[in-house]
Enquirer: 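Next up is a structure, given as structure tokens.
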Amino acid sequence: MAATIPSFSTSLFTKTKSPASKSKPHFQSLTITSASKPSNPSIAGRKLRVAVIGGGPAGSSAAEALALGGLETFIFERNPPSVAKPCGGAIPLCMLDEFDIPRDLIDRQVTSMRIFSPSNIAVDFGKTLKSHEFIAMLRREVLDSFLRSRAVSAGASLISGLVTAVDIPFSPTSPYTIHYTTENNSSRRSLAVDVVIGADGANSRVAKSINAGSYSCAIAFQERIKLPDEKMSYYENLAEMYVGNDVSPDFYAWVFPKCDHVAVGTGTVRSKQDIKLYQRGIRERVGSKINGGKVIKVEAHPIPEHPRPIRVKGRVALVGDAAGYVTKCSGEGIYFAAKSGRVCGNGVVKASEGGDKMIDECDLMREYLKEWDAKYVNTFRFLDVLQRVFYGSNAGREALVELCGDEYVQRMTFESYLYKKLAQGRVCDDLKLFMNTIGTLVKSKVIHTQMEGLML
């Protein structure tokens, strides 16, 4: 899932640092002292060998970075290229250039978004987009297949098989053993490697092998619906989002256009057992706009709600959904998956000096985790706060939709989302936005019940 709306106040709130005494849940503390660390041992007669478990955006991006860096790289993918988890498929504009995504992979260039409140008040969200700006809508199976193929072209070896276990070594330099079955389960095999990168999703076997800790998961449910041409034309460049207890008690529902169909879905962490009830709710809210459509695919998948307690242990690192890199409130995960994979892959290349030296946990903490948290930890915390404030009740959701009608909110939201940089606002406008936010929350009778949500 990926969307833009709830990050609207990032520029306002993230400029204020939280008190040092506040706890920082879900993120392990990083204390790295490398001054006295001895030089890593050299590897004789070969390059560092790395196994990447999972061939989605996170795994493929990690494998590509590793292979380009000269390391011996193996990427395990259990699914054929046509299989992907349910996902809205929206990616920010900056990802197209940063990850060299060909434009012909894009199904739709969405320039209009519409958000519907619980009372069905609609607000058009996208009035501030510039002529060259849009939200790219892709199908995950298309994107994943492309990224995986590119990693192989860079030199990674693709292994089609299911990883069943990872044996943890007792020695700091002994290999990890990857046990797997081939695609048709005809044989059991194993592979010894120096480093393991877990990119195998919310139910990560790699995370279990290192006792990385549990985390809350939402469930996403999505139907792909092929519409008649006249109805599909309505969604030519329009994406819709719906909030309300009827479609999700703690998230949103969506209608995102693809090449020849729309993706209609919802998600929840609080009431996973009722997900089909909420899916019926979004179908009813969309109403006649999808009547007559044919369901061509039904998908469901767990989505992590926060980063795992442990994301690096020994010579094992977790990236993407396996690490828990899906933002609260917006549900964005594709960009953060690919970015975390690349940061981790490049970090391994750097620490191993191009594959010539063994690495250890301190190297992964320094070159991957410390860099990642410095860039994105506050974004994840902030969106967690927004979800608790605005998604906890229908009153909060009405307030959210009302604020989304403000053009300054829209400009700051899209600048932050499209380019993954903190949008630069004006002090007077930020102050006005803050007062409008407080006023809207008071009017909606939200603020007195949600102030505890502001405490991190």
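These numbers come from a predicted model, not from an experiment. Positions are given from 1 along the sequence.
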Enquirer: Is a side-chain donor or acceptor of Q387 paired with a backbone partner of C329 at a separation under 3.5 angstrom?
Expert: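 Confirmed, Q387 side chain pairs with C329 backbone.
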Enquirer: If the threshold is 4.0 Å, N to carboxylate O, is there a salt bridge linking D260 and R224?
Expert: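 Not counted as a salt bridge, because no side-chain N and carboxylate O are separated by less than 4.0 Å.
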Enquirer: Return yes if some donor-acceptor pair links the side-chain N/O of T327 with the main-chain N/O of E332 below 3.5 Å, else return no.
Expert: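 Present.
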Enquirer: So does D124 pair up with R114, basic N to acidic O under 4.0 Å?
Expert: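 Yes, D124 and R114 are salt-bridged.
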Enquirer: Do E361 and R315 meet the salt-bridge criterion of a basic N to acidic O distance under 4.0 Å?
Expert: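 Salt bridge absent between R315 and E361.
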Enquirer: Any Lys/Arg nitrogen of E415 or K420 sitting under 4.0 Å from an Asp/Glu carboxylate oxygen of the other?
Expert: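 Result for this pair is no, no salt bridge flagged.
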Enquirer: Can you list the residues that meet the side chain to side chain contact (heavy atoms under 4.5 Å, CB included) rule with A192, with sequence neighbours excluded?
Expert: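 Counting only residues at least two positions away or on another chain, A192 forms a side chain to side chain contact (heavy atoms under 4.5 Å, CB included) with P175.
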Enquirer: Applying side-chain hydrogen bond (donor to acceptor under 3.5 Å, both in side chains), can you list everything that pairs with Y278, at least two apart in sequence or on another chain?
Expert: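 For Y278 there are no side-chain hydrogen bond (donor to acceptor under 3.5 Å, both in side chains) partners, ignoring immediate neighbours.
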Enquirer: Donor-acceptor pair, R308 side chain versus G324 backbone, under 3.5 Å?
Expert: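 No; zero donor-acceptor contacts below 3.5 Å.
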Enquirer: Any side-chain to backbone donor/acceptor pair from S248 onto G267? Under 3.5 Å, distance only.
Expert: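 Flag set: sc S248 to bb G267 pair under 3.5 Å.
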Enquirer: Any salt bridge linking K289 with E240? Criterion: basic side-chain nitrogen under 4.0 Å from a carboxylate oxygen.
Expert: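 A salt bridge links K289 with E240.
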Enquirer: Check this for me, if you would: do D363 and R366 make a salt bridge, where the nitrogen-to-carboxylate-oxygen distance has to be below 4.0 angstrom?
Expert: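 Yes, charged N to carboxylate O under 4.0 Å.
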Enquirer: When F414 is tested against each of Y419, F134, F125 for ring-ring contact (aromatic ring centres under 6.0 Å, His included), which residue passes?
Expert: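 When Y419, F134, F125 are each tested with F414, the ring-ring contact (aromatic ring centres under 6.0 Å, His included) holds only for F125.
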Enquirer: Salt bridge check: are D144 and R148 linked by an N-O gap of less than 4.0 Å?
Expert: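 No, no charged N to carboxylate O under 4.0 Å.
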Enquirer: Output side-chain donor-acceptor pairs under 3.5 Å for residues 161-170, partner residues at least two apart or in another chain, one line each.
Expert:
from	atom 1	to	atom 2	distance (Å)
T164	OG1	H179	O	3.2
D167	OD2	H179	NE2	2.6

Enquirer: Passes side-chain hydrogen bond (donor to acceptor under 3.5 Å, both in side chains), R411 versus T413? Steps please.
Expert: CA-CA 5 Å; R411 180 174 72 81; T413 296; over 6 Å; no
Enquirer: Just jot down the salt bridge (charged side-chain N to carboxylate O under 4.0 Å, His left out) partners of R205, sequence neighbours excluded, or say none.
Expert: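 R205 satisfies salt bridge (charged side-chain N to carboxylate O under 4.0 Å, His left out) with no residue once adjacent residues are dropped.
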Enquirer: A65: which residues meet the side chain to side chain contact (heavy atoms under 4.5 Å, CB included) condition with it, sequence neighbours left out?
Expert: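 Listed in chain order: N346.
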Enquirer: Report, one line per pair, each donor and acceptor closer than 3.5 Å where one atom sits in a side chain of residues 93-106; sequence neighbours left out.
Expert:
from	atom 1	to	atom 2	distance (Å)
E98	OE1	Y335	OH	3.0
E98	OE2	K339	NZ	2.6

